[in-house]
Colleague: 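Sharing a structure below in structure tokens format, with a few things to ask.
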Amino acid sequence: MRILLYNPDNGVTRNFMPHLWMFLLQALTPPGHEVLLIDGNAQPMDEDGIARFVREQSIGLVGIGAMTRMIAKAYRIADAVRAAGVPVVMGGPHVTEEADEALGRNGGPRHADAVALGEADETWPKIVEDAARGELKDVYAPVDEFGQERKPTLQPYPSIPWDTINLDQFNLVPKMATRMLQRIGGGWGTFRIIPVESGRGCPYGCEFCTVTGFFGDSIRFRTNQSVVNELLLLKARAQSEGGQIAVFFIDDNFAINLKRTKSLLRDIIAAGAQVHWVAQISANLLRDEELVDLIAASGGKWIFIGMESIDPANLASVNKGFNKPGEYAAVLERLAQRNVYAITSFIFGMDNDTPGVAERTLQEIRTWPPGLPIFGLLTPLPATPLYKKLEAAGRLTRPKHWQEFIPFEMAHTPLKMTVAQAHAEVKSGWANSYSPEAIAKAVDSLKHKPLGYRINIFIARLCFRGIYFPQMGPWAWLKLIAQNRHTIFNLVSKAFTA
Ligand code: B12
Ligand code: SF4
């Protein structure tokens, strides 16, 4: 049977990285089946396009995975595939929480023939076999023979054949520049950011987050060796094609077990498996100097930190009181001393936020080493404690917000400001962090560092700007380049002098 795994686009930006679930399920597919992958972010497809594709390619099963914000598109695609006569199985965090919606059991239309609840590592082979026999069940749940929930151990972990998978759709270097860039430095003909997981689960249970409910609070890790082998494979592939690879460790909290993380990083260094990497680590765990030394030595370049707010009352209200705003500056300095920088994520519209929250946050940010600040709105995702709390309090203004997804738009009313004020705060956060002046200032603050760091933060800022101000297509990029011409001119002239 030919199987298509499809991830919908988010309708706003081009995603910079493919989704791990597709590669994982591909690697876990029983022999005798062929699996094709389409990431809608890299290969946009509408309903007619997908219907044509499944017919022309004689696809026998389509698997669709989606986060809440892409679910409306996922359902439209699923409907088109089913209308073309091909069965659809859906999985991922949204349908796990809203299985009845996907199966049409809540009064709405049915979108999926089957739903895979939770982690599907162990149920996927069964789904494929059932589909091949034409006997798909409605629901596949990860349970043991006694009906108790069972989480995959991650030991052993399937080896994803990164050396042979076709990754053309995920190359971030434009095709026309490939030949020329292959010869620059160690080769830049291709550049891909690849998701790798080293463990699953997070016990912290922040109110707005799906992770503790979905993956459970029991944390599971792969063996160090299996992670190291994966990095070596990726590194070899990049070298063989005159390109670069960076890894995003998608673990929710990469250093949740400090001892294990340090041992993994030591093993990466010992095996010469260093690649440039990004990971998500909560600020409290970055107090450890030895950890930060190992992050830098093993190739860590950017750490994503969910700071959320500079107001302890806000943090306490979403069960994230372990974040201590008073130590944010020290954490970022500790990283910057080792040339590691941070993607600092903030949420506005929290219950203690008042108008002016963006400027108050920016004042703090301006005292920190330069990084990549990002701003979002508190969003009640299905089945989270936050959703239940707001629902019980009658504060949800769009209880099924995912049915008509609107980027950067609240689905409930904050307590101390209006929805419109919250939207204006987010806009102000982005506009003031990514204006040509702010970008120039961030680049300039690294003038004591080698030029590479300045170029790095410049390119990263231009790309991150696109999360809020979508810059799709060559014209948008040309405009952006023109707006930032002074910074570009300074960087280019420094490069010539050097
Ligand atoms: C990496 C990541 C990202 C990446 C992008 C995704 C990517 N390219 O990988 C980045 C950093 C860009 C990102 C951004 C966002 N993310 Co994110 N992200 C993650 C993260 C940390 C890891 C995803 C992952 O690969 N997990 C590991 C794989 C193995 O798990 P999985 O995807 O769930 O797949 C398993 C099962 O779900 C199932 N499955 C999944 N799909 C399918 C399909 C089929 C057919 C089947 C059978 C099974 C199946 O099988 C898999 C194996 O068990 C998750 C948290 C998490 N730990 O999962 C959050 C998470 C997915 N993100 C989340 C959110 C909210 C966002 C943002 C909206 C945040 C924001 N406010 O801006 C944005 C939106 C981005 C966009 N594209 O528009 C939420 C989604 C919750 C929800 N209900 O939708 C999560 C769960 C985190 C959270 N805090 O709750 N994210
Ligand atoms: S620390 Fe991060 S992953 Fe863990 S529950 Fe909180 S937001 Fe979710």
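Whatever order the structure lists them in is the order used to number ligands and atoms, beginning at 1.
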Colleague: When you compare ligand 1 with E197, is there at least one nitrogen or oxygen pair between them that comes in under 3.5 angstrom?
Modeller: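 N/O-N/O distance under 3.5 Å: no.
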Colleague: Give the single entry among G201, C206, S345 that approaches atom 5 (S) of ligand 2 most closely by any heavy atom.
Modeller: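 Checking each option, the heavy atom nearest atom 5 (S) of ligand 2 is found in C206.
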Colleague: Pick whichever of Y6, F23, F215, F304 has a heavy atom sitting closest to atom 31 (P) of ligand 1.
Modeller: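 Nearest option to atom 31 (P) of ligand 1, by heavy atoms: F215.
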Colleague: Would you check the N or O atoms of A116, main chain and side chain alike, for any that come under 3.5 Å of an N or O of ligand 1?
Modeller: no
Colleague: Within the structure, is a non-hydrogen atom of I467 found at a distance of less than 4.0 Å from ligand 1?
Modeller: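 Per 4.0 Å heavy-atom rule, I467 does not contact ligand 1.
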Colleague: List every atom of ligand 1 that sits less than 4.0 Å from any heavy atom of L20, numbering the atoms from 1 in the order shown and giving each element.
Modeller: 25 (O)
Colleague: Taking the six-membered ring of Y157, is the NZ or CZ of R222 close enough (under 6.0 Å from the centre) and on axis enough (within 45°)?
Modeller: yes
Colleague: Do any of the N, O or S atoms of C209 sit under 2.8 Å from atom 8 (Fe) of ligand 2?
Modeller: yes
Colleague: Can you list the ligand 1 atoms lying under 4.0 Å from a non-hydrogen atom of G118?
Modeller: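 What qualifies from ligand 1 is 36 (C), 37 (O), 38 (C).
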Colleague: Distance under 6.0 Å and angle within 45° of the ring axis: does R69 meet both against F405?
Modeller: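 No, a cation-pi geometry is absent between R69 and F405.
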Colleague: Ignoring angles and geometry beyond distance, decide whether L381 reaches within less than 3.5 Å of ligand 1 through its nitrogen or oxygen atoms.
Modeller: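 N/O-N/O distance under 3.5 Å: no.
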Colleague: Select the closest option to atom 55 (C) of ligand 1 among L4, T384, D252, judged by heavy-atom distance.
Modeller: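 Minimum heavy-atom distance to atom 55 (C) of ligand 1 goes to D252.
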Colleague: Quick one: does ligand 1 sit under 4.0 Å from the side chain of P18, the backbone, both or neither, non-hydrogen atoms only?
Modeller: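 The backbone, only.
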Colleague: Looking only at side-chain N and O atoms, does D351 offer a donor or acceptor that is under 3.5 Å from a partner on S317?
Modeller: no
Colleague: Should Q280 be listed as contacting ligand 2, given a heavy-atom distance under 4.0 Å as the test?
Modeller: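 Contact absent.
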Colleague: Of all the atoms in ligand 1, which lie at a distance below 4.0 Å from a heavy atom belonging to G63?
Modeller: 45 (C)
Colleague: Considering the heavy atoms of C202, write down every atom of ligand 2 situated less than 4.0 Å from one of them.
Modeller: 1 (S), 3 (S), 4 (Fe), 5 (S)
Colleague: Using a heavy-atom cut-off of under 4.0 Å, does the side chain or the backbone of P195 touch ligand 1, or both, or neither?
Modeller: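 Near ligand 1, P195 shows nothing, with every heavy atom at 4.0 Å or more.
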Colleague: For ligand 1, indicate whether the residue F214 contacts it via side chain, backbone, both or neither (heavy-atom separation under 4.0 Å).
Modeller: side chain
Colleague: Less than 4.0 Å between a side-chain N and a carboxylate O, is that true for D46 and R76?
Modeller: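 Answer for the salt bridge query: no.
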Colleague: Taking atom 18 (N) of ligand 1 as the point of reference, which of M67, H94, R69, M70 owns the nearest heavy atom?
Modeller: M67
Colleague: Heavy-atom contact under 4.0 Å between M22 and ligand 1?
Modeller: no
Colleague: May I ask which of T210, I250, D121, V115 has a heavy atom nearer to atom 22 (C) of ligand 1 than the others do?
Modeller: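 Going through T210, I250, D121, V115 one by one, I250 has the nearest heavy atom to atom 22 (C) of ligand 1.
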Colleague: Counting heavy atoms only, name the option from C209, G376, G91 that's nearest to atom 44 (C) of ligand 1.
Modeller: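 Considering heavy atoms of C209, G376, G91, the nearest to atom 44 (C) of ligand 1 sits in G91.
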Colleague: Looking at ligand 2, is there an atom of it that comes within less than 4.0 Å of some heavy atom belonging to G205?
Modeller: yes
